[in-house]
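Note sheet for the following structure.
Below, each value reflects all heavy atoms present in this structure, side chains not excepted, and no hydrogens, waters or symmetry copies. Throughout, residue positions are numbered sequentially from 1 according to the sequence presented.
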Amino acid sequence: MQQAGAGLLTRVGSTFGIRFMSVSADGVKQKLLQALGPGAADVTVVDTSGGCGAAFQVSAVAVAFEGKSLLARHRIINDALKEEMTTIHALSILKTLTPAQEAKAAGASASAQ
C-alpha cells in the first residue's frame with residue numbers, strides 16, 4: 001500500500017499502468033472539513049459501499065453555506081472532492097445546511113414530538 005497526497009487516497013493495485021485508488025470515509029471527512037473551514041459545525045460521511053470506498057453519503061452543516069443556493073452548496077462539496085471523484089462511484093449529498101437552518105430544523109422536530 002502506498003499513500004498519495006494528504007493521505008486520502010491509498011494505492012491498492014495497478015494493472016497496465018493504471019492505478020486503482022481507494023478512498024476512506026475518514027479521508028473524505030477530513031477533506032470536507034478543510035474545505036468548509038472553521039465554521040464547519042457538523043460533517044458526517046458514511047461509506048455505503050461496504051468499505052471499498054466507492055460510494056458515500058455526506059451531510060454537512062457549515063457557515064460556508066450562508067447565502068448560497070443548494071446547487072452552490074453541492075458544488076462546494078464536489079469541488080472539495082474533485083480528486084477523489086475520479087474513483088468514487090456514487091456520492092449522495094443528503095443535506096447541506098447552515099447552523100441556523102440546522103437549529104431551526106432541530107427545533108421544529110423537537111416541538112413535533
Side-chain angles (χ1 to χ4, degrees):
M1 298 264 175
Q2 173 184 356
Q3 293 196 0
L8 181 60
L9 299 178
T10 304
R11 189 173 118 187
V12 294
S14 180
T15 304
F16 302 110
I18 300 171
R19 290 187 181 140
F20 299 98
M21 302 294 202
S22 175
V23 181
S24 72
D26 287 336
V28 170
K29 182 175 181 173
Q30 290 308 311
K31 195 84 173 233
L32 292 174
L33 287 169
Q34 181 181 7
L36 295 171
D42 182 37
V43 175
T44 304
V45 179
V46 177
D47 183 340
T48 58
S49 66
C52 73
F56 295 94
Q57 290 180 337
V58 172
S59 296
V61 178
V63 174
F65 298 140
E66 289 283 347
K68 304 263 191 304
S69 68
L70 181 62
L71 180 60
R73 294 172 184 198
H74 283 220
R75 282 186 180 144
I76 291 170
I77 300 291
N78 282 303
D79 287 348
L81 301 175
K82 192 173 191 172
E83 181 181 345
E84 294 73 29
M85 291 305 291
T86 62
T87 58
I88 294 175
H89 174 72
L91 179 66
S92 298
I93 302 173
L94 302 179
K95 72 176 182 180
T96 52
L97 301 175
T98 65
Q101 290 170 323
E102 176 75 357
K104 184 177 178 182
S109 67
S111 65
Q113 293 178 356

(request) Would you mind telling me which of Val45, Val43, Val28 makes a side-chain contact (heavy atoms from CB on, under 4.5 Å) with Leu33? (result)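 Single pass found, and it is Val43.
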Sequence neighbours left out, cut at 3.5 Å: what donor-acceptor pairs do the side chains of residues 90-97 make with other protein atoms?
unit_1, atom_1, unit_2, atom_2, d
Lys95, NZ, Glu102, OE1, 3.1
Lys95, NZ, Glu102, OE2, 3.3

(request) Measure the NZ-CG distance between Lys31 and Asp26 for me, rounded to the nearest 0.5 Å. (result)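 Between Lys31 NZ and Asp26 CG, I get 14.5 Å after rounding to 0.5 Å.
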(message) Rounded to the nearest 0.5 Å, what separates atom NZ in Lys82 from atom CD in Glu84?
(response)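 The distance works out to 11.5 Å.
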(request) Treat each ILVMFWY residue as a node, draw an edge where side-chain heavy atoms are under 4.5 Å apart, and state whether Val58 and Met85 are in one component. (result) yes
(message) Grouping I, L, V, M, F, W and Y whenever their side-chain heavy atoms are under 4.5 Å apart, do Ile76 and Leu81 come out in a common cluster?
(response) yes
Shortest non-hydrogen contact from [X] to [Y]?
X	Y	answer
Gly53	Ile88	O-CG1, 4.2 Å
Ala54	Ser49	N-OG, 3.2 Å
Leu36	Ala60	CD1-CB, 4.1 Å

Would a 4.5 Å heavy-atom cut-off, applied to side chains only, mark [X] and [Y] as touching?
X	Y	value
Lys104	Thr98	no
Val23	Phe56	yes
Asp47	Ser24	no

(message) Checking Arg73 against Ile77 for the side chain to side chain contact (heavy atoms under 4.5 Å, CB included) test, could you report, in this order, the C-alpha distance in whole Å, the side-chain angles of both residues, the deciding distance, and whether it holds?
(response) CA-CA 7 Å; Arg73 294 172 184 198; Ile77 300 291; over 6 Å; no
